[in-house]
There are 2 protein chains.
Amino acid sequence: MVPIMADNDCRATLIEVATPLFAEKGFNGVSVREIAGLAGVNVSMISYYFGGKEGLYGAVLNEQFAVLQRVAKIAHTATDPLKKFELYVRDTVARYRRNPYLLRFYAGELTNPTPCFATIVKPAIQEVVKTLQEFFTDGLSHHQFREGLEPTDTALALAGMINFYFLLEPATGELVDHSPERDEELIRHIMDIFANGVLK
Amino acid sequence: MVPIMADNDCRATLIEVATPLFAEKGFNGVSVREIAGLAGVNVSMISYYFGGKEGLYGAVLNEQFAVLQRVAKIAHTATDPLKKFELYVRDTVARYRRNPYLLRFYAGELTNPTPCFATIVKPAIQEVVKTLQEFFTDGLSHHQFREGLEPTDTALALAGMINFYFLLEPATGELVDHSPERDEELIRHIMDIFANGVLK
DNA sequence: GGCAATTAATCAAACGTTTGTATGAGTTAA
DNA sequence: TTAACTCATACAAACGTTTGATTAATTGCC
């Protein structure tokens, strides 16, 4: 009854193989035969373990977006509001480095939503935006940030700077050095603009 | 030989109908029968006028990305570097308002590229980034911006703020007012952060 | 402890649909 | 009469899912 370790091999392999395929070609761009073939198992295993192609996609997305829950915990690891924003940027970079497919699902669901968007993606995004928004109101009450800025707009502005940078990588690969060695400089740069702006 | 005006009706209708379908479901999420059915013409018309489904998609994308060529012309309509950046943000907002599907193709091709990415999308994006980059080096030589900021990184940061705002609309619709009435405030807000930062 | 009964896991094969494209006939206007 | 246009229809291939058989492991009972 209790499955031994090897029993989960098929299920785990399917998720592992399906992740890069779904990320790079989208839900409709991959066939169940392509996934099963690359995983070295029979097509029927997808229906057996996940109830169908959509079920497998949902399992992949659940795994991918689970890491976003860590953003809310930043509030407990830092006190300085600006430092919290920097931790968010730093975590985001590290997240995309550790998981190269997350941003594809992120942007893919925003542009061509599947049923998973409402259940998985949208709640995860709203959580992050709300958290960043709280960072700013926190900084406002500490008189660290100047008045007149909308907390949500400001949160989206910072999130946009770092996320768009990675989203544009396929198009700007020759214009900008996207290697991890430059990450520290990128973080410092974005935080510098966010904190001080470009004017003298 | 020369087609009369009515002859283009079929071809034009196909592009018109296919645009929102491709934008919302992606290339693989739409069938030629769905397009032809909604256009009220026969399926074979797609192969007849565009050589196939991919040809129709390419025609749609060409039309969508043609508007991006206007960004380079900003340099001639303003002298102040910061004003050029503001014009870019303003034009971008107006572009997305006038054409609600552009951003979907934009992000869709970045995440799940088709053969059109290399020929249409990537060159268009690189043009915009290079133009913004020149705006910044221009401002640097005029001693308007402070030293130590990378032109390309700075260009991507501003582009990220405005583009990501619209990209996230499906997820943040309840958190932020995305109505056109607030556009002016949004532009002012983003330019304010970009120019001065959030610190006191 | 050993043997039948049961359950879970996996497979090859086939299912009915839908896919994109091609064909050939019919229509219209030059 | 010719050329451009549009149609209904057919086509082979690919799609996601289901089926029934086969194997291996687990359980219940003596």
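To find a chain, count down the sequence lines: A is the first, B the second, and so on, and within it residues start at 1. What you see is a predicted model, and the numbers here were worked out from it, not measured in a lab.
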Open item on the list: Do the side chains of A:Arg90 and A:Asp183 get close enough for a salt bridge, i.e. N-O under 4.0 angstrom?
Closed with: no

TODO: Give a yes or no on whether a salt bridge exists between B:Lys84 and B:Glu134, defined as a side-chain N under 4.0 angstrom from a carboxylate O.
DONE: no

Task: B:Phe194, B:Phe136, B:Phe135 screened by ring-ring contact (aromatic ring centres under 6.0 Å, His included) with B:Phe145, the one that passes - done: B:Phe136

Atom pair distance, as rounded to whole Å: [atom1] in [X] and [atom2] in [N]:
X       : N      : atom1 : atom2 : value
B:Glu54 : C:dG20 : CD    : P     : 11 Å
A:Phe50 : D:dT18 : CZ    : C1'   : 18 Å
A:Asn28 : C:dT19 : CG    : C1'   : 12 Å
A:Arg33 : C:dT19 : CZ    : P     : 16 Å
A:Ile46 : C:dA9  : CD1   : P     : 16 Å
B:Leu56 : C:dT21 : CG    : C1'   : 14 Å
A:Glu34 : D:dT17 : CD    : C1'   : 18 Å
B:Arg11 : D:dT6  : CZ    : P     : 12 Å

Which nucleotide wins on minimum distance to the side chain of [X], given the candidates [options]?
X       : options                : result
B:Cys10 : D:dT6, C:dA13, D:dG16  : D:dT6
B:Val43 : C:dT10, C:dT21, D:dT18 : C:dT21
B:Ser47 : C:dT10, C:dT21, D:dG16 : C:dT21

Open item on the list: With a 4.5 Å cut-off on side-chain heavy atoms, are B:Leu158 and A:Met161 touching?
Closed with: no

- [ ] Decide yes or no, distance alone: a donor-acceptor N/O pair under 3.5 angstrom between the base of D:dC7 and the side-chain of B:Ser44.
- [x] yes

Open item on the list: Given 3.5 Å as the limit, does a donor-acceptor pair link the side chain of B:Thr172 with the main chain of B:Leu175, or not?
Closed with: no

Can you tell me if the side-chain N/O atoms of [X] get under 4.0 Å from OP1 or OP2 in [N]?
X       : N      : value
A:Tyr48 : C:dT10 : no
A:Ser31 : D:dC15 : yes
A:Asn42 : C:dT10 : no

